[in-house]
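Note sheet for the following structure.
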Amino acid sequence: MTTKANRDYRPATHYAPPYGWTNDPNGLVYEDGTWHLFAQHYPDATHWGPMHWRHAVSEDLLHWKDLGIALYPDEKLGYIFSGSGVIDEGNTSGLGKERDPMVVMYTHADMKKQQQSIAYSEDRIHFTPYAGNPVIPDERQDFRDPKVFRNPVLGCWSVVLAADDHFEFYASKDLIHWTKTGEFGAAENILGGVCECPDLFPLKAPDGSEVWVLLSSNGLPNPFGGFRMQYYLGQFDGNTFRVTIPSDRPRILDFGYDDYAAVTYYNADRRLLVGWAESIVYGQDGPTNEFCGLMTYARELSLVNTDCGLKLAMKPVAPAHTLREAPAIEPFPLNPRQSLPRAQIALNGDLFRVRVEAEGPFTLTLSNEDGETLNISVSNEQKLVVDRSNAGAKDFNALFASGLFSVMTADRNNRGPVAVDVYFDRMIVETFADEGTLVNTSILFPNKPYTKATLLGKGKLFLGEMEG
Ligand code: FRU
């Protein structure tokens, strides 16, 4: 049911491949001013297929230079599924000749089993698969997405892997020989479904203590639930992870349907997260032309205290801009539709940020000449709602058109006044509330650019225009 676009939806400041299909971000490594991003990629069509790794680099995390395909499917071992990368400081692997190599670890997936392999590069462009692959052989069908990190407790490398309904940890001195050290479990996998794309890292809590965060993407067996990410807060003892700050409800990373398989950068001075900004459920039918799939903005992670306890917070790395306040429109009491305080501002283009600072419930509407509207609101019940049911083209996919994925609702984490930041780039809207602890990422396809932002409710509206 694919209808291709008569508009160019290519985002100006988010990564998307030049052509073909992209899903998960892989091998996120920072080195000497360069951000490396590899992506799950199928070059021959705009749907999922035999997986490659495509490679791009950036100096600002907003504009990307394509470096082509870094890893191709292997005739014997299979497709190149998701994985991660490190700079092998001190050449522990012995795979560098002239300098410390970049080593990437990924899953080789054939129809029956998934095993872990590595490849290395000295010029950071050409990657050589290790001759002794796989380095973690296995027979299982769901055993994938290695995320390698320095193990500060044992002073070696560690990797966390998704294995069906749980996670496994392995340690190594040289990135080649791996020994299993622990598991974190099925019993705590509150969301259910197959686990994918884990990440594990420490962050400082507001009280100064160190808390380890385990990220998990959960492919739900039920397509109507969409695919979701959750996170756990706890400690890593060098061998395994355990929860020390429990929650009776899953901690959802992003309540939009279009943020999955998100993982963080290795070697950066901040903890930066990038996700695949599309849902496998309807994404491949999207009305983009030569490409399909894009990444979220990189988001700096921190831990903050909210009225609902300690939460992971995200702040996007967005293009530079200044915020200017929109003029308020006097309420007109004789017309009930206009009796609420309002503010309005014209939007010139497809790349902007809108900020609302409200005392209580409000609705923010982005609208275009065709009468299409994206509504973002805080309800009387203190819920944040992102409603894309009339935001643009929908009939490219029956499930998307059905409205099942149109209205997204989540409880606020704080009481009282609320600030909401909305970042928009052509086909993606990223919404951050309650200091970045409540996040929604959604794709949408307005048939014409939005030209107006309107705030209904007591508060202030700001616009920040950005350069692409
Ligand atoms: C997540 C995922 C990973 C896998 C990859 C294959 O979207 O299913 O678990 O490695 O995509 O493309």
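Indexing begins at 1, ligand by ligand and atom by atom, following the structure's order. Positions are given from 1 along the sequence.
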Output all residues satisfying side chain to side chain donor-acceptor pair (under 3.5 Å) with Asp142, sequence neighbours left out; order by chain, then residue number. Arg144

Looking at ligand 1, is there an atom of it that comes within less than 4.0 Å of some heavy atom belonging to Thr107? no

Does the N or O separation between Trp276 and ligand 1 drop below 3.5 Å for any pair? no

If we only count N/O pairs under 3.5 Å, is Tyr260 in contact with ligand 1? no

Looking only at protein heavy atoms, which one is nearest to [atom], and what is the separation?
{"atom": "atom 6 (C) of ligand 1", "value": "Gln40 OE1, 3.2 Å"}
{"atom": "atom 1 (C) of ligand 1", "value": "Asp24 OD2, 3.0 Å"}
{"atom": "atom 8 (O) of ligand 1", "value": "Glu196 OE2, 2.8 Å"}

Which is it for Trp48 and ligand 1 at heavy atoms under 4.0 Å: side chain, backbone, both or neither? side chain

salt_bridge(Asp138, Lys113) N-O dist < 4.0 Å: no

Using a strict 4.0 Å threshold on nitrogen-to-oxygen distance, state whether Glu290 and Arg10 make a salt bridge. yes

Show which side-chain atoms of residues 153-160 pair as donor or acceptor with protein atoms under 3.5 Å away, not counting sequence neighbours.
residue, atom, partner, partner atom, Å
Trp157, NE1, Thr92, OG1, 3.0
Ser158, OG, Asn151, ND2, 2.9

Are Trp53 and Phe38 an aromatic pair by the rule of ring centers under 6.0 Å? yes

